[in-house]
Structure formats: structure tokens, C-alpha cells
Amino acid sequence: MSNSPRIAVVDDDEAVRESLSDLLQVLDLPCRSFDRAEAFLTAYASGAFTCLITDLRMPGIGGVELLRRMKALGGPMPVIVITSSTDHSTHRDVMENGAMACLTKPIRDEELIHHLRALGYDCDKGRGGGR
């Protein structure tokens, strides 16, 4: 496995984690997945990850607390939060704590790809030029 920077996927739901990882692999974007925020924080090193995609509600450290901790670490890494919550105040709280996007589950591939492209990722490499 390459040591190049990659996207981190943090979600306690194995099916969601695998689905996101599979999509990123199809897009030819290196990623590493974690089943909880604590595991990600243990593996975190400055420059090791270029983006974080995290669930909002997880056992232990949740998405908002993870955003706060990332901010405290001083990393300018963009964070995309995914959640099953449709509550506008929850989405607002996530954005106020530094997320670049808050997406509601189930996540549409094109919605995530839109945000990845906004971050400068080439999302067409692994897709034969797009759908």
C-alpha cells in the first residue's frame, strides 16, 4: 500500500464504510477507512490524509467532536460530514464547526463527487471520463 496522502473514511457502519471506500477506489482516489474516530485519531499524522469523510453519530467520539479535535490539531484538512439527520440545526452545527459539507444519508455518489471535485480531486480517472 502506498504512503501517499489519502482520503480518510470514518463510519461505525461497516456497509457505509465499505460503500464509500469502494466508490473512492473506483474513482482511483486512495483511501483508508476507520470504524471509529478514535482509530482515525490514532493513525492521524499531519499530511497523511488530504480529506476526511466522517459520520456524525458514532459511539465514542462523534463527528462534531472529531471536527473540533481536528481544528485543535491545526490541520486545514477539509471535512465532509455524513448523517442520517435531516434536522437543520444539526447541519448548521456541523458547518459552524468547520465542515465543508454536511450530506444526508443515503449519500448519492454524484453529490459526494461534486464536493470532491470542488476540493480539486480528479474524479473521472477511474470512471473512464465520467458517466
Side-chain angles (χ1 to χ4, degrees):
M1 182 172 278
S2 169
N3 287 330
S4 65
R6 67 195 77 191
I7 297 172
V9 175
V10 181
D11 198 308
D12 61 313
D13 184 325
E14 183 178 8
V16 172
R17 218 173 38 246
E18 287 181 3
S19 176
L20 288 170
S21 294
D22 288 348
L23 173 62
L24 294 171
Q25 288 176 3
V26 165
L27 297 172
D28 200 25
L29 299 174
C31 69
R32 182 170 172 196
S33 63
F34 302 89
D35 64 352
R36 57 196 211 304
E38 293 85 348
F40 166 73
L41 289 169
T42 298
Y44 176 79
S46 181
F49 300 98
T50 54
C51 178
L52 169 62
I53 301 171
T54 184
D55 191 10
L56 181 62
R57 296 183 182 138
M58 297 179 286
I61 298 172
V64 172
E65 179 60 24
L66 182 55
L67 278 166
R68 290 179 183 136
R69 290 185 186 205
M70 294 307 300
K71 186 184 275 186
L73 290 172
M77 181 173 54
V79 178
I80 298 171
V81 174
I82 57 176
T83 180
S84 58
S85 173
T86 58
D87 179 44
H88 293 294
S89 65
T90 299
H91 285 246
R92 185 176 55 249
D93 188 34
V94 166
M95 298 303 288
E96 287 174 355
N97 276 284
M100 69 147 312
C102 185
L103 309 179
T104 304
K105 293 179 183 179
I107 306 299
R108 290 183 6 255
D109 290 355
E110 290 304 321
E111 185 177 22
L112 179 59
I113 289 168
H114 167 79
H115 289 287
L116 293 172
R117 281 188 180 130
L119 292 172
Y121 290 102
D122 180 359
C123 297
D124 295 324
K125 289 190 297 187
R127 300 174 73 203
R131 291 183 194 177

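Because the structure is predicted, anything quoted here is derived from the model rather than measured.
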If you compare all heavy atoms of [X] against all heavy atoms of [Y], which two are closest, and at what distance to 0.1 Å?
X    : Y    : value
R32  : R6   : CB-CD, 3.5 Å
L66  : A37  : CD2-CB, 4.0 Å
C123 : L116 : SG-CB, 3.7 Å
A43  : F34  : CB-CE2, 3.6 Å
L67  : A99  : CD2-N, 3.9 Å
E38  : G60  : OE2-CA, 3.4 Å

Between [atom1] of [X] and [atom2] of [Y], what distance do you get to the nearest 0.5 Å?
X    : Y    : atom1 : atom2 : result
L23  : I53  : CG    : CD1   : 8.0 Å
I82  : L56  : CD1   : CG    : 9.5 Å
D122 : D28  : CG    : CG    : 8.5 Å
I80  : C51  : CD1   : SG    : 4.5 Å
I107 : I113 : CD1   : CD1   : 12.0 Å
R117 : L119 : CZ    : CG    : 12.5 Å

Looking at side-chain heavy atoms only, is the closest gap between [X] and [Y] below 4.5 Å?
X   : Y   : value
N97 : V81 : no
V94 : V79 : no
L52 : F40 : yes

*Does the side-chain contact (heavy atoms from CB on, under 4.5 Å) test come out yes or no for T104 and H91, once each step is laid out?*
CA-CA 9 Å; T104 304; H91 285 246; 3.1 Å; yes
*Which of parallel (below 30°), tilted (30 to 60°) and perpendicular (above 60°) describes Y44 and F49?*
parallel
*asked:* Under a 3.5 Å distance rule, please check whether H115 uses its side chain to pair with a backbone N or O of C102 as donor and acceptor.
replied: no
*asked:* Test your reading of the model: is there a side-chain donor-acceptor pair from S19 to the backbone of A15, 3.5 Å cut-off?
replied: no
*Knowing that exactly one of R36, R69, R68 qualifies, which makes a side chain to side chain contact (heavy atoms under 4.5 Å, CB included) with I61?*
R69
*Using side chain to side chain contact (heavy atoms under 4.5 Å, CB included) as the criterion, point out the one residue from D13, D55, D109, V9 that pairs with L20.*
V9
*Please determine if K105 and D11 form a salt bridge, counting it only when a charged side-chain N lies under 4.0 Å from a carboxylate O.*
yes
*Residues in ring-ring contact (aromatic ring centres under 6.0 Å, His included) with Y121, at least two apart?*
none
*Among side-chain atoms of D87 and S89, is any donor-acceptor pair under 3.5 angstrom?*
yes
*Among the clusters formed by ILVMFWY side chains lying less than 4.5 Å apart, do M77 and L73 turn up in the same one?*
yes
